[in-house]
Amino acid sequence: MRKIAIACISLIITFMFLSSCASPVVKAKKRTWQIIGNSVGILSPREDVKIYLEASINYRTKGMSINLLDNTQTMCKAGKSNKRKQIARIKINGKSLKVISKCVNGRHYILPETAAGKSYLNSAVASGQGIVIDTGFSPPLHYPGTDLKALRDKLISEQSAMDKEG
């Protein structure tokens with residue numbers, strides 16, 4: 001129950017933080033994962049567009065999940081969730097993927113529809129190489145290569161510290 005409460009608080013903090021941003025989360029030339037609420041990493045594209053890569057960790061399995069967080073518009077009502085709906089395909093490093101659109105607690109996500117698509121996105125980010133995502137509704141977005149393992153280790157470390165406090 002405590003982990004669910006922590007996850008909910010983290011989501012609220014993330015939403016509040018991203019809602020208050022008038023520009024991308026990271027303005028520095030070297031973009032890196034920004035940890036939000038001790039449970040989520042956010043990575044900005046090189047372009048001035050608020051579509052972020054979001055990395056979260058399953059603390060039971062220690063596995064990482066990568067999604068696209070679309071903070072460009074108010075497609076979702078604050079605190080509301082809805083059923084997923086299929087939208088136009090996107091391209092990740094040139095590979096076309098079926099995706100769905102979903103609102104979760106007021107945040108708009110673009111998610112690969114299939115397990116193979118999820119695996120492809122996770123592998124692309126885990127490779128440490130740069131990623132190009134073409135959503136079709138904005139110019140192609142360029143995300144830098146990063147160290148996903150270092151982010152995972154940092155999130156686990158921060159969660160362990162929180163568990164010791166509680």
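These numbers come from the heavy atoms of this one structure, side chains and all, not from hydrogens, waters or symmetry mates. Numbers here simply count residues along the sequence, with the first being 1. None of the values given here were measured: they were computed from a predicted structure.
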[X] vs [Y] side-chain heavy atoms within contact, under 4.5 Å:
X: N93; Y: Q129; answer: no
X: L68; Y: Y109; answer: no
X: M64; Y: I57; answer: yes
X: L43; Y: L151; answer: no
X: T32; Y: T146; answer: no
X: P144; Y: R46; answer: no

Which atom of [X] lies closest to which atom of [Y], heavy atoms considered:
X: C76; Y: G106; value: CB-O, 3.4 Å
X: S56; Y: V40; value: CB-CG2, 4.5 Å
X: P140; Y: V132; value: CB-CG1, 4.0 Å
X: Y52; Y: S44; value: CE2-OG, 3.5 Å
X: L141; Y: P45; value: CB-CB, 4.0 Å
X: P112; Y: V99; value: CA-CG1, 4.0 Å

Notebook entry, point to check: Would you say K62 has more than 12 foreign heavy atoms packed within less than 6.0 Å of its NZ?
Noted result: yes

Measure from the side-chain N and O atoms of [X] to the backbone N and O of [Y], and report whether any donor-acceptor pair falls under 3.5 Å.
X: S123; Y: Y120; value: no
X: S96; Y: K91; value: no
X: N67; Y: L111; value: no

Can you tell me how far [atom2] of [Y] sits from [atom1] of [X], rounded to the nearest 0.5 angstrom?
X: N58; Y: L155; atom1: CG; atom2: CG; value: 12.0 Å
X: I51; Y: I90; atom1: CD1; atom2: CD1; value: 9.0 Å
X: R84; Y: N82; atom1: CZ; atom2: CG; value: 12.0 Å
X: E113; Y: R89; atom1: CD; atom2: CZ; value: 8.5 Å

Margin query: side-chain contact (heavy atoms from CB on, under 4.5 Å) for S101 and I110? Distances and angles first, verdict last.
Written below: CA-CA 5 Å; S101 171; I110 300 169; 5.5 Å; no

Notebook entry, point to check: Which pairs pass salt bridge (Lys or Arg N to Asp or Glu O under 4.0 Å) with one or both residues in residues 138-156, sequence neighbours excluded?
Noted result: K149-D153, K154-E158

Next item on the list: Would you mind telling me which of D134, I133, T135 makes a side chain to side chain contact (heavy atoms under 4.5 Å, CB included) with I92?
Entry: I133

